[in-house]
Amino acid sequence: MKQSTNQFLKPITTKVNSFGNIEIGGCDLISLADKYETPLYVIDETTLRTICNDYKQAFSKYPKTHIMYASKALCTSAIAKIIDSEGLGFDTVSGGEIYTVYKAGANMSKVLFNGNNKSYDELELVLDLNVGRISVDNFFELSLLNEIAQSKNKIADILLRITPGIECHTHEYIQTGHLDSKFGFDLTQIDSAVELIQNEYKNLKLHGLHAHIGSQIFETSIFPDEIEIMAKEIARLDAKFGIKLNEINIGGGLGVKYTDKDAPPSTYEIGEIIINKLNDVIKRYNIEPPELFLEPGRSIISTSGVTLYTIGSSKQVPKGKKYVSIDGGMADNPRPSLYQAEYYAEIANKKDTNESETVTIAGRFCESGDILINSIDLPMLDEGDIICVYNTGAYNYSMASNYNRVQKPAMVLVNNGQSEIIIQRETLEDIIAHDIIPERLKK
Ligand code: LLP
């Protein structure tokens, strides 16, 4: 079966150029590091647009499919523009994400708002901006949203987020569909929610069900299991309440290849499995073919991103490890310290050297746990070498912090030999921009 871009370790435009340097999107990584300094996030537009197409093609046989990019993976104004231009919608989880896609000119009817504790202000914002769908997570939110919609004389278009009770084999911090998850209505609570919507909450219109099982998933069986449960519920709710639900949102979760050990399925493989399963449940439960929503985040943006760092000091522990330190780490990529995530890297300026050594890539932040890569074979390293860490497009910048009051890196978009800044590097002034010294302390 055809490969899709989430199955690649590196952006699809990666090659070694005539100087022996790695180039991505037609841009020499050493020139990028010189021009923009490091750490530097680099996003390859071709890879990003290719995966969007992989998704569209994979689901083209089911025309009622809507791909909603989970913007929590990486949400910036330029990325939102690209995703919108590819015709995808957005799954958002905060006022900040909604505002970003709105200001980027996205079609707000193709935006969905998720979250287990949405604020009053956020719910007002989504109603004011006519966001397409709100996935309601719990009883408190049902009542709050109805009240806000009523005060605005509007009808809120909603889905119910359910917990289907499916476990997937991924890191426990990124599992969400199991029974004791903090997200969504338990299956035993759905009927009460539907009754409330039918009888009391007149400003809510229920369109369908929503679930999300987990992230960095390689098991293809998860999605059909989820569809089975949702279709069964839709048929049951119709029989019991006479309510016609015609939307199924199965969340995101498709994995990517961080290292050679990872073998994620392709969009084409899951597309076929999902569509076959849908056709099967439509027949078996005798339901109307539903609109199908998917919310991929990581698998859309991860492979297109790499991070460049400059190699600095090193330390050989006598009879132990060799630590090599870089100018970034857990504040720009918290995933290794948070989830023991593994990454693959290469030295951008030493593609043609043979001699190698095994090193530990250490971050610059003041924690022993700030280790980006535990053990990797790299060419003999010198201070000033540029290391390129692959697959950092998702959940790196979006989870970045200013720990140790270090400025967040810049981000550039590369395409056809051109590089353009899409996030400016923070300055020292940015670092203190929100600080206030009370008058009495100034004396
Ligand atoms: N939809 C919902 C409701 C979600 O909660 C998530 C992710 C997604 C879609 C997108 O999932 P994806 O396709 O990206 O796997 N920070 C963690 C990942 C947390 C994912 C949270 N929810 C990490 O760095 O691995």
Side-chain angles (χ1 to χ4, degrees), residues 4-6 48 51-52 54-55 66-75 79 83 88-94 97 111-118 133-138 159-164 166 168-178 181-185 208-219 222-223 226 230 248-259 262 264-265 267 270 274 292-305 307 330 332-343 372 389 391-401:
S4 59
T5 315
N6 63 306
L48 175 54
I51 186 73
C52 291
D54 284 333
Y55 264 106
H66 310 264
I67 310 290
M68 317 287 277
Y69 168 62
S71 52
K72 59 177 78 66
L74 175 63
C75 187
I79 297 296
I83 297 283
L88 274 58
F90 295 86
D91 153 33
T92 59
V93 288
S94 70
E97 288 182 356
V111 176
L112 166 85
F113 188 44
N114 263 317
N116 66 308
N117 194 21
K118 306 170 182 82
R133 292 284 180 274
I134 303 167
S135 178
V136 176
D137 198 273
N138 51 62
L159 304 176
L160 288 182
R161 167 88 183 247
I162 62 164
T163 317
I166 299 172
C168 56
H169 299 102
T170 185
H171 194 282
E172 71 171 298
Y173 289 2
I174 51 178
Q175 287 181 357
T176 46
H178 52 295
S181 157
K182 72 170 179 175
F183 296 101
F185 292 92
L209 301 179
H210 175 214
H212 169 77
I213 307 297
S215 204
Q216 184 61 356
I217 294 176
F218 295 165
E219 300 151 279
I222 296 290
F223 299 108
E226 198 183 354
M230 291 171 114
I248 286 186
N249 182 327
I250 60 172
L254 178 62
V256 299
K257 189 181 177 80
Y258 286 109
T259 70
D262 298 329
T267 57
I270 61 152
I274 289 171
L292 169 70
F293 292 78
L294 277 88
E295 300 169 335
R298 186 192 318 266
S299 54
I300 296 261
I301 196 69
S302 180
T303 317
S304 63
T307 309
M330 67 187 290
D332 56 76
N333 181 0
R335 300 193 69 259
S337 36
L338 210 48
Y339 317 113
Q340 297 82 46
E342 292 183 19
Y343 283 90
L372 204 62
V389 179
N391 251 300
T392 59
Y395 304 114
N396 273 231
Y397 176 74
S398 69
M399 294 174 77
S401 75

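Note that ligands are numbered from 1 as they come in the structure, with each ligand's atoms numbered from 1 the same way. Worth saying up front: this structure is predicted, and the values here are computed from it rather than measured.
- Interface of P296 with ligand 1, defined as ligand atoms under 4.0 Å from a residue heavy atom, comprises 13 (O).
- Between E97 and S94, the shortest heavy-atom contact is N-OG, 3.0 Å.
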I162/H210 under side chain to side chain contact (heavy atoms under 4.5 Å, CB included): CA gap, chis, key distance, verdict: CA-CA 6 Å; I162 62 164; H210 175 214; over 6 Å; no

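- For ligand 1, the polar-atom distance check against E295 finds a nitrogen or oxygen pair separated by under 3.5 Å.
- In plain terms, the two heavy atoms of F185 and L160 that are nearest each other are CE1-CD2, 3.7 Å.
- Near S215, meaning under 4.0 Å from any of its heavy atoms, are these atoms of ligand 1: 11 (O), 12 (P), 14 (O), 15 (O), 20 (C).
- With ligand atoms numbered from 1 in the order given, ligand 1 contributes 12 (P), 13 (O), 14 (O) to contacts under 4.0 Å with heavy atoms of G297.
- Interface atoms of ligand 1 facing A70, defined by a heavy-atom separation under 4.0 Å, are 8 (C), 9 (C), 10 (C).
- Using a 4.0 Å cut-off between charged nitrogen and carboxylate oxygen, K118 and D137 do not count as a salt-bridge pair.
- The atoms of ligand 1 that sit less than 4.0 Å from any heavy atom of M399 are 16 (N), 24 (O).
- Looking at Y339 against ligand 1, only its side chain comes within 4.0 Å, counting heavy atoms.
- For the pair G253 and ligand 1, the shortest N or O to N or O distance falls below 3.5 Å.
- Checking only distances, H210 never comes within under 3.5 Å of ligand 1, N or O to N or O.
- Contact check for D91 versus K72: side-chain heavy atoms found under the 4.5 Å cut-off.
- Aromatic ring orientation, F293 versus H66: parallel (interplanar angle below 30°, classes split at 30° and 60°).
- Side-chain contact of S215 with Y395: a donor-acceptor pair under 3.5 Å is absent, judged by distance alone.
- Contacts between D91 and ligand 1, counted as non-hydrogen atom pairs separated by less than 4.0 Å, involve the side chain only.
- Between G214 and ligand 1, not a single N/O pair is under 3.5 Å apart.
- Both the backbone and the side chain of R298 come within contact range of ligand 1, each with a heavy atom under 4.0 Å.
- Scanning M68, R161, K72 for the heavy atom closest to atom 4 (C) of ligand 1 points to K72.
- Taking every heavy atom of both residues into account, L254 and P265 meet most closely at CD1-O, 3.5 Å.
- Between N391 and S302, the side chains place a donor N or O and an acceptor N or O closer than 3.5 Å (distance only, hydrogens not considered).
- Polar contact with ligand 1: absent for N114 (N/O pair, distance under 3.5 Å).
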